[in-house]
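Here the structure is laid out as structure tokens; the discussion comes afterwards.
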Amino acid sequence: MVEISDNDLVRQFKDPSNKQVAFKLILQKYQRKVYWQARRIVITHADADDVVQNTFVKIWEKLGDFRAESQLFTWIYRIATNEALAFLQKKKSDRNISMEEMQEQLGEQLSASTYFNGNKLELTLQQAILNLPEKQRLVFNMKYYENLKYEEIEAILGTSVGALKASYHHATKKIEIFVKRSLNN
Amino acid sequence: METEENNSELFIMNLKVIGGFAVPLNYFKILEERLQIISETPNFTIPEINNFAVPNGYFDTLEANILMLVLPEEAQIIPLYKRGFVKNLLAVAATLLLFSMLYLFMNRPASHTGNMAGIHKLSTQEIIEHLSSEGYNLELLCDAGWCNDLNKLNKKENTDVENYLLEHGEEDFLSDEL
């Protein structure tokens, strides 16, 4: 099966007669990527499911105005990231808690989650990632798990490559220290 | 920095992690089917989760009910003097006027008050005596309405003379005179 390029998908989406088909193809191509991007930010499956739904509603509503100034996939990642962060922000506001308390709660949810089957080391690694500041956490996840290039992350987060490299460097150092300390205890 | 980063990155990559985040069985297949509803439903919006319920047709009649409550209020013409802020202004003006009058009364010139008090203490008789001794024209005083008082004064003076003469045995002289 020949994969249709992102440019062709956008073109088809803008054609009213092909809009639904194009959307279905976009859905098939990006739903997993959107899900995992969201899941690593909001941690629980139920919350990630909500974020995925919100993200694709946004894509359906806004793709008609997409001007191809960026790549489709970075545009979709940006929407997913913003939706996930907004979801966390709303949750934090609803519960009237600080970001530190929020991170603590996410860590607890992680270890108690039905949909987390990692071993102790994986749990420690995820807790180390959760302890990072927001920007470092996003950069680490996109670089380490998604293997995205700095230029692509730059397009998604709107942060310069230099700053992203520094964030990733700090993130890996902190994770190493956290994991080593946990292993020694 | 590059080497440090590589070391930390290598350390993380060499962690013997097993498993991680999981999803329910067939989740992505179901997700795709579920999300296709977005493109099949015109003007699809995410239904808001709301645990509170409202009576049937509540929102259909809500607008009309609110308008009924609001519109009569809007049609009323409220005179300016009945409006709250005008009333307040009037009250403030009245208070200021009262206080300023009180202030003027309390702070009127002290010398003026003293003179007035002095005048009130003098009787009409004393004034006449004073004026007589100074040689003022009696006719003029009479014209000023003090005739009766002048007569009384004269009578009093005559009575005093008579009493004096009686006391000193001059009755006969007095009778002859009469």
So which residue, A/Gln126, A/Gln31, A/Lys143, A/Lys19, ends up with the most heavy-atom pairs under 4.5 Å with chain B?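 When all of A/Gln126, A/Gln31, A/Lys143, A/Lys19 are compared, A/Gln31 has the most.
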Hey, could you give me the [atom1]/[atom2] distance between [X] and [Y], rounded to the nearest 0.5 Å?
X: A/His170; Y: B/Ser8; atom1: NE2; atom2: OG; result: 11.5 Å
X: A/Leu121; Y: B/Lys16; atom1: CG; atom2: NZ; result: 9.5 Å
X: B/Ile18; Y: A/Lys120; atom1: CD1; atom2: NZ; result: 13.5 Å

Could you check whether any side-chain N or O of A/Asn117 sits under 3.5 Å from a backbone N or O of B/Gly20, counting only pairs where one atom can act as donor and the other as acceptor?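 Side chain of A/Asn117 to backbone of B/Gly20, a donor-acceptor pair under 3.5 Å: yes, one is there.
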Would you confirm whether A/Arg40, through its side chain, and B/Phe21, through its main-chain N or O, come within 3.5 Å as a donor-acceptor pair?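 Checked: no pair found.
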hydrophobic_cluster_shared for [Y] and [X], side chain cutoff 4.5 Å:
X: A/Tyr168; Y: A/Ile177; value: no
X: A/Ile129; Y: B/Met13; value: yes
X: A/Leu85; Y: A/Ile79; value: yes
X: A/Ile76; Y: A/Leu25; value: yes
X: A/Ile26; Y: A/Val10; value: yes

Check the angle between the aromatic planes of A/Trp36 and B/Phe28 and answer parallel, tilted or perpendicular using the 30° and 60° thresholds.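 Tilted, since the angle between the ring planes falls between 30° and 60°.
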What I'd like to find out is whether the side chain of [X] reaches to under 4.5 Å of the side chain of [Y], using heavy atoms alone.
X: B/Leu35; Y: A/Val52; value: yes
X: B/Arg34; Y: A/Gln53; value: yes
X: A/Asp49; Y: B/Leu31; value: yes
X: B/Tyr27; Y: A/His45; value: yes

Which atoms of A/Ile43 are under 4.5 Å from chain B, going by heavy atoms: the side chain, the backbone, both sets, or neither?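 Answer is both: backbone and side chain atoms of A/Ile43 are under 4.5 Å from chain B.
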Check each atom of A/Phe23 against the heavy atoms of chain B and say whether the ones under 4.5 Å are side chain, backbone, both or neither.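 Side chain of A/Phe23 only, per the 4.5 Å heavy-atom cut-off to chain B.
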For [X], does the [atom1] atom sit with more than 12 other heavy atoms under 6.0 Å from it, leaving out its own atoms?
X: A/Lys14; atom1: NZ; value: yes
X: A/Asn96; atom1: CG; value: no
X: A/Lys58; atom1: NZ; value: no
X: A/Arg95; atom1: CZ; value: yes

Distance under 6.0 Å and angle within 45° of the ring axis: does A/Lys173 meet both against B/Phe11?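 No; the conditions do not both hold, so A/Lys173 does not lie above the ring face of B/Phe11.
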With side-chain contact (heavy atoms from CB on, under 4.5 Å) as the criterion, how do A/Tyr144 and B/Ile12 come out once you've worked through the C-alpha distance, each side chain's angles and the decisive distance to 0.1 Å? CA-CA 9 Å; A/Tyr144 188 78; B/Ile12 297 165; 3.4 Å; yes
Let's go through B/Glu32 and A/Lys24 carefully: what are the C-alpha distance in whole Å and the side-chain angles of both, what is the deciding distance for side-chain contact (heavy atoms from CB on, under 4.5 Å) to 0.1 Å, and is it a yes or a no? CA-CA 8 Å; B/Glu32 190 184 318; A/Lys24 192 180 174 182; 4.2 Å; yes
Heavy-atom pair with the smallest gap, counting every atom of A/Tyr35 and B/Ala22: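 It is OH-O, 4.1 Å.
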